[in-house]
Amino acid sequence: MNDQPSIAVGAPEPITPLTDAEKRVIAWLNENSSREAVLADLQDTLQTAIEIELATIPIYLFTYYSINREAASGENLEAPQLFANKAGAVIMSVAVEEMLHMSLSSNVLFALGGTPRHYRRAPGQYPTPLPYHNPVGPKGPDGQTAVLIPLSKLSFEQLWHFLQIEYPEAKDVTPEDRDWDTIGQFYSFIRCLLCTKFLSDADFQRGPAERGIQPGNYSPNNIDTVFPKEKFDPWKTAPPVPLPGWLAKDGHPRAAEIAQFTDCADSHTGPSALLTIATVRKAIKAIDTVCDQGEGAPICGPKVDPDDDLSSLEMSHYQKFLTLQAQFAAYKDTKEDLPPYSDRVAPVEPTVTQSELEAAGLIYNFPDNPTTGIYPIHLWPISAFTSACFQYMLIMTETIYRVPPHQQKLFFNEGLHRSMIWVLDKYIKTIRKIPVGGGKVMAPTFENVDLGPPVTAFAGLTYYGNQAIAAANAILAADPNGPLASVMSDVIYYIGVAISATSADGHPMHLPDVAEYWSEEEA
């Protein structure tokens with residue numbers, strides 16, 4: 001724990017003091033660089049930050065979707081299902097914060113007059129290094145130090161790869177924008193650029209703050225970041241509604257009474273987690289939030305605090321994953337390459353094993369690092385639509401900065417929320433029921449498929465969707481009452497939500513076509 005006093009939940013946190021190493025880098029930049037060079041470096045480094053966060057999001061989502069969180073009802077939950085639910089909530093909580101970090105870096109870059117790029121900027125193949133990461137890092141599950149992160153299902157080994165991603169920065173380590181060892185070290189370099197003598201508030205007003213991604217578009221928790229700490233009665237009404245007389249007065253507690261939220265309301269710097277930027281100080285606060293939440297814990301005392309916020313209510317990403325890993329039975333016999341200032345987490349009881357989780361149907365048997373090409377050819381279009389939808393989400397993220405402020409909330413809800421929650425989430429949960437041979441089931445591939453330039457991207461998404469619908473209809477025609485009939489019907493339905501859904505009165509309810517915000521010259 002750090003030696004600074006805790007603060008009230010929800011209160012804004014102070015900016016993390018500069019380390020001696022950061023002060024030395026800032027002094028060097030002030031002496032040897034120039035305003036033009038610092039501005040150029042800052043834009044380049046912020047785009048790299050976007051791509052670092054974007055590299056982690058598919059990795060975490062892939063492992064999240066390998067978990068079956070619905071294998072048992074609340075009153076029947078046993079230790080393995082409770083662990084699976086907790087693991088899912090923790091992994092999704094980190095993925096949500098990585099999306100926040102990508103948005104914060106994007107907002108700072110936009111404020112500088114830059115153009116945040118997301119479309120087709122995810123890794124081209126897996127396992128993948130993180131952009132500009134030192135290829136040698138902390139030991140992975142195979143004892144090797146190459147930091148290559150796979151797309152893989154939940155396992156003790158995959159959590160170890162997560163620890164390689166989130167390894168916290170050491171006290172007073174030198175900031176680096178290339179060959180960095182920890183993500184915190186990389187963001188520390190951004191903080192140094194922001195603190196040079198060359199920048200003023202006016203530099204962060206080139207992109208209007210009202211066109212940035214607004215604070216109201218982010219929530220630290222959703223239904224996927226909540227988990228039950230014990231068995232519960234799913235049939236009991238949530239308080240304070242009176243219980244009907246026919247319900248038993250004893251038994252398990254209500255769901256609301258045992259629900260655990262993974263992210264805390266105060267685990268950020270500034271008045272809100274998602275900031276729009278118009279000053280140097282706000283830019284620094286945005287980068288501080290990234291570091292506070294796990295990309296290198298802040299240095300507040302004599303050592304790096306393993307918790308990310310001054311009220312110490314939420315663990316850093318590294319600590320979240322280490323605590324999950326500590327519940328695997330294999331943990332007690334393993335010696336991770338822990339940071340020198342980090343205490344080893346005690347084994348968490350009751351322990352679970354991989355075979356136990358798989359035997360209980362809690363982990364889908366995803367192939368490692370899949371591409372569409374490894375699946376049976378008649379399933380290729382169904383797989384490819386997952387990647388197409390993911391890429392269209394990234395195009396919509398770029399488009400937000402072009403949407404008039406009074407329309408942004410509607411665009412965000414109809415675009416990003418609908419694509420993430422009502423299309424991609426449901427579609428992946430559907431395709432993971434499709435066998436692909438060798439005892440494996442279909443997993444998302446998150447490939448950089450080409451939808452064409454943004455002005456015609458919705459047509460590209462529609463093309464992929466129609467190809468997948470045709471493939472699903474062919475499977476239905478061949479075996480209309482077969483084991484995949486309902487799965488294929490769901491595939492067709494969710495694609496329709498993305499590309500062709502309309503209301504009863506003919507109002508479009510599909511994902512928005514972004515063409516009106518782009519020109520044909522912007523390829």
Side-chain angles (χ1 to χ4, degrees), residues 15-30 32-56 97-98 100-118 121 130-134 165-166 168-170 172-201 203-204 206-207 212 268-270 273-299 308 317:
I15 290 177
T16 303
L18 293 171
T19 67
D20 289 341
E22 288 173 330
K23 291 175 183 177
R24 289 192 292 270
V25 171
I26 294 167
W28 188 93
L29 289 168
N30 283 338
N32 297 279
S33 193
S34 66
R35 170 177 165 79
E36 292 73 19
V38 166
L39 284 170
D41 284 351
L42 193 52
Q43 290 210 22
D44 289 345
T45 309
L46 287 165
Q47 179 59 44
T48 300
I50 291 169
E51 292 174 24
I52 289 172
E53 304 299 344
L54 189 52
T56 68
E97 288 187 340
E98 303 295 16
L100 167 65
H101 302 166
M102 186 174 72
S103 298
L104 288 169
S105 294
S106 298
N107 274 357
V108 178
L109 177 55
F110 177 74
L112 282 166
T115 302
R117 298 297 187 190
H118 308 84
R121 297 300 180 102
L130 299 179
Y132 298 111
H133 190 286
N134 180 350
I165 295 174
E166 304 291 355
E169 64 177 310
D172 209 29
V173 67
T174 301
E176 296 283 357
D177 63 337
R178 297 291 187 274
D179 283 337
W180 48 270
D181 296 315
T182 68
I183 298 180
Q185 189 181 13
F186 173 82
Y187 278 102
S188 179
F189 185 81
I190 296 178
R191 183 162 38 236
C192 290
L193 292 171
L194 291 170
C195 291
T196 61
K197 67 181 181 181
F198 303 110
L199 303 181
S200 68
D201 289 348
D203 292 315
F204 295 87
R206 299 177 180 179
H268 56 81
T269 302
L274 181 52
L275 297 172
T276 54
I277 312 300
T279 65
V280 175
R281 184 173 178 82
K282 276 207 167 184
I284 295 172
K285 283 185 175 183
I287 300 305
D288 244 22
T289 288
V290 177
C291 294
D292 286 3
Q293 291 184 336
E295 320 292 15
I299 300 168
D308 58 1
H317 294 177

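For the residue pair Q43 and Q47, no side-chain donor N or O sits within less than 3.5 Å of a side-chain acceptor on the partner. When only modelled atom types and interatomic distance are considered, H101 and T56 share no side-chain donor-acceptor pair under 3.5 Å.
Residue L109 holds its CG atom at 9.0 Å from CG of D44, rounded to the nearest 0.5 Å. How far CG of D172 is from CG of D20: 5.0 Å, rounded to the nearest 0.5 Å. The distance from the CE atom of M102 to the CD atom of E97 is 14.0 Å, given to the nearest 0.5 Å. L275 contributes atom CG, which lies 6.0 Å from atom OG1 of T289 (distance to the nearest 0.5 angstrom). Rounded to the nearest 0.5 Å, atoms CD1 (I50) and NE2 (H118) are 4.5 Å apart. Going from atom CD of Q185 over to atom CG of N134 covers 8.5 Å, rounded to the nearest 0.5 Å.
Across every non-hydrogen atom of L193 and T196, the tightest pair is O-OG1, 3.0 Å. Shortest non-hydrogen contact noted between P131 and A55 is CD-CB, 4.2 Å. Between D181 and H133, the shortest heavy-atom contact is O-NE2, 3.2 Å. The shortest non-hydrogen separation linking K282 to T276 is CD-O, 3.3 Å. The two atoms that bring E22 and S188 nearest to each other are OE2-OG, 2.6 Å, heavy atoms only. Taking both residues in full, the closest heavy atoms of V38 and S33 are given as CG2-OG, 3.6 Å, listed atom of the first, atom of the second, then distance.
Contact of the R206 side chain with the L112 side chain is not registered, since no non-hydrogen atoms from C-beta on lie closer than 4.5 Å. Here the side chains of L104 and I287 are not in contact, with every heavy-atom distance at 4.5 Å or above. With contacts defined as side-chain heavy-atom distances shorter than 4.5 Å, the pair F204/L199 qualifies. Residues L130 and I183 form a side-chain contact, since some pair of their non-hydrogen atoms from C-beta on lies under 4.5 Å apart. L42 has its side chain out of reach of V108: every pair of non-hydrogen atoms, C-beta onward, lies at least 4.5 Å apart. Side chains of R178 and Y132 form a contact here, defined as non-hydrogen atoms less than 4.5 Å apart.
With salt bridges taken as basic N to acidic carboxylate O contacts below 4.0 Å, none links R281 and D201.
The backbone N or O of K197 sits less than 3.5 Å from a side-chain atom of N30, completing a donor-acceptor pair.
Atom CZ of F198 is surrounded by more than 12 heavy atoms from other residues, nucleotides or ligands within 6.0 Å.
The aromatic rings of W180 and F186 lie tilted to each other, with the angle between the two planes from 30° to 60°.
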